[in-house]
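If you're wondering where the values come from, they're calculated on a predicted model, not measured in any experiment. Below, read A as the first sequence line, B as the second, and so on, with proteins coming before strands; counting in each chain starts at 1.
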There are 2 protein chains.
Amino acid sequence: MLKISRLTDYGLLASVYLARKQGQVVAAREIAGFYHLPVPMVTKVLKKLHQGGLINSHRGAGGGYSFDADVEAVTLGHLIAVLEGPWDLTECETTDDAGHAVCAIRIACPSRRFMFGINSAIKGAFEQVSLGDLTRGVLPKFYAGQSETSVEQMRGA
Amino acid sequence: MLKISRLTDYGLLASVYLARKQGQVVAAREIAGFYHLPVPMVTKVLKKLHQGGLINSHRGAGGGYSFDADVEAVTLGHLIAVLEGPWDLTECETTDDAGHAVCAIRIACPSRRFMFGINSAIKGAFEQVSLGDLTRGVLPKFYAGQSETSVEQMRGA
DNA sequence: GGCAAACAGTACCACCTTGGTCCGGTTTGT
DNA sequence: ACAAACCGGACCAAGGTGGTACTGTTTGCC
């Protein structure tokens, strides 16, 4: 029902934590402790981020994970893509194992074309927020005329 | 995982069907037959639409549902709000029965402020599409510079 | 060399939501 | 009176989600 999974949420928190300690090696335990989250959940999500190539892992004693890239080069869209996997608002374009469209009325469907547009809009919105924005807690250019203003202002609107 | 429920999807189809036969009374059976959907599912969703005040119901033999309003006055956002109920990308602002915030780290959370913005962006996108647009199958002003063009063109971009 | 810290991988389970069905009741046109 | 159609539930199976546990493997450090 149009919700991000909690795991993805944890992933964003972990990413921000790592980004704020850019270049440093941080153990999963530390992140879990900071946010009061179950350790296994945090390790699970960190694995995903690592497999997605967003963070580096360091095994062995004193190991952990580190974010070494440019915080501006990573977008919220990128993070969600890695954490949530490929997603779509609808099954309009989904195909089964045999490659056949899941939706039986696909051709005649009145909403399919729109869902594609809405999808793009959402992904576009995600793409406009960088990890740097997240760590700073400041809105990016994304909202026309409200560039670099605090989100608090927006909430009042 | 960021998907609208199938029930909501059915609701959109039913709305379009009714909007195309604006003012006419149509039985749930007819809509279900047209889209090859299970009748009880369609009735369920029509009930929701009726309770949400979007369509009128006519009981008794020869009864059914009718859409009598202006197709331009109803937005996709309105439809989804009725069909999906109140939703949010995250539980950032969700409160339990006692009115306490569900999220334990709400104040310090680095992504909360952004989720609010993204949420608004998505709801805004939904708000830009009218039921009339859906029935015509044409993109509205919503996409700057692509006003009133077929969505097919957009897909190629 | 051995211990412990920390990641890797995988299996497992309880719970909730979702999609779908069914049934008895009420309204109303013919 | 009868049947068509909505009304309002209860009900159930399946799948996804959140969370736990356990067994490796790597590596720093004494």
For this session: Would you please name every residue forming a side-chain contact (heavy atoms from CB on, under 4.5 Å) with B:Pro40, sequence neighbours left out?
Result: B:Pro38
Seminar exercise, completed: Between NE2 of A:His36 and P of D:dG19 the distance, given in whole Å, is 15 Å
For this session: Let me know the distance between CG of A:Leu37 and C1' of D:dT20, rounded to the nearest Å.
Result: 15 Å
Problem set entry | Length of the line joining B:Leu46:CG and D:dA5:C1', which is rounded to integer Å | 12 Å
Short N/O separations, protein against nucleotides 1-4 of chain D, under 3.5 angstrom:
| from | atom 1 | to | atom 2 | distance (Å) |
| --- | --- | --- | --- | --- |
| D:dA4 | N3 | B:Ala61 | N | 3.2 |

For this session: Quick one: closest heavy-atom pair of A:Arg106 and A:Ala101, and the distance?
Result: CD-CB, 3.8 Å
Seminar exercise, completed: Under a 4.0 Å heavy-atom criterion, DNA chain C is touched by chain B from C:dG19 to C:dG29
Problem set entry | Audit row: A:Thr8, A:Leu79, side chain to side chain contact (heavy atoms under 4.5 Å, CB included) steps and yes/no | CA-CA 9 Å; A:Thr8 298; A:Leu79 285 166; over 6 Å; no
Exercise. Does a side-chain N or O from B:Tyr65 land closer than 4.0 Å to OP1 or OP2 of D:dC7, or not?
Worked result: yes
Exercise. If only side-chain N and O atoms of A:Ser5 are considered, is one of them under 4.0 Å from the OP1 or OP2 phosphate oxygen of D:dG16?
Worked result: no
Exercise. When all nucleic acid strands are considered with a 4.0 Å heavy-atom cut-off, which category describes A:Leu7: base, sugar-phosphate, or nothing?
Worked result: sugar-phosphate
Exercise. Roughly, in whole Å, what's the span from NZ in A:Lys3 to P in D:dT17?
Worked result: 13 Å
Exercise. Hey, does A:Gln51 reach any base, or is it just sugar-phosphate, or nothing, if we go heavy atoms under 4.0 Å?
Worked result: sugar-phosphate
Problem set entry | Pair A:Arg113 + A:Glu93: basic N to acidic O under 4.0 Å | no
Exercise. Where each residue is assigned the nucleotide of DNA chain D containing its nearest heavy atom, which of B:Lys44 and B:Ala27 is assigned the position nearer the 5′ end?
Worked result: B:Ala27
For this session: Identify whether the distance between the nearest side-chain nitrogen and carboxylate oxygen of B:Arg136 and B:Asp133 falls below 4.0 Å.
Result: yes
Exercise. In whole Å, what is the span from the CG atom of A:Leu2 to the P atom of D:dT17?
Worked result: 14 Å
For this session: Begin with the C-alpha distance, continue with both residues' side-chain angles, and end with the deciding distance and a verdict on salt bridge (Lys or Arg N to Asp or Glu O under 4.0 Å) for B:Glu30 and B:Lys21.
Result: CA-CA 12 Å; B:Glu30 178 180 333; B:Lys21 300 209 167 189; 3.2 Å; yes
Problem set entry | Phosphate contact (D:dG28 OP1 or OP2) by A:His58 side-chain N/O below 4.0 Å | no
For this session: Tell me whether A:Val82 is reachable from A:Trp87 by hopping between hydrophobic residues (I, L, V, M, F, W, Y) whose side-chain heavy atoms are closer than 4.5 Å.
Result: yes
Problem set entry | Distance, rounded to the nearest Å, where A:Leu83 contributes CG and D:dG18 contributes C1' | 15 Å
Exercise. Base, sugar-phosphate alone, or nothing: which one does A:Pro40 contact when heavy atoms must sit under 4.0 Å apart?
Worked result: base
Problem set entry | Residues, nucleotides or ligands: over 12 heavy atoms within 6.0 Å of B:His50 NE2 | yes
For this session: Report whether A:Leu7 and A:Leu83 are members of the same hydrophobic cluster (ILVMFWY, side-chain heavy atoms less than 4.5 Å apart, transitive linking).
Result: yes
Problem set entry | Between P of D:dC7 and CG of B:Asn56, the distance in whole Å | 11 Å
Problem set entry | Backbone N/O of A:Glu72 and side chain of A:Asp70: donor-acceptor pair under 3.5 Å | yes
Problem set entry | Atom-to-atom span, CD of B:Glu91 to P of D:dT17 - whole angstrom | 14 Å
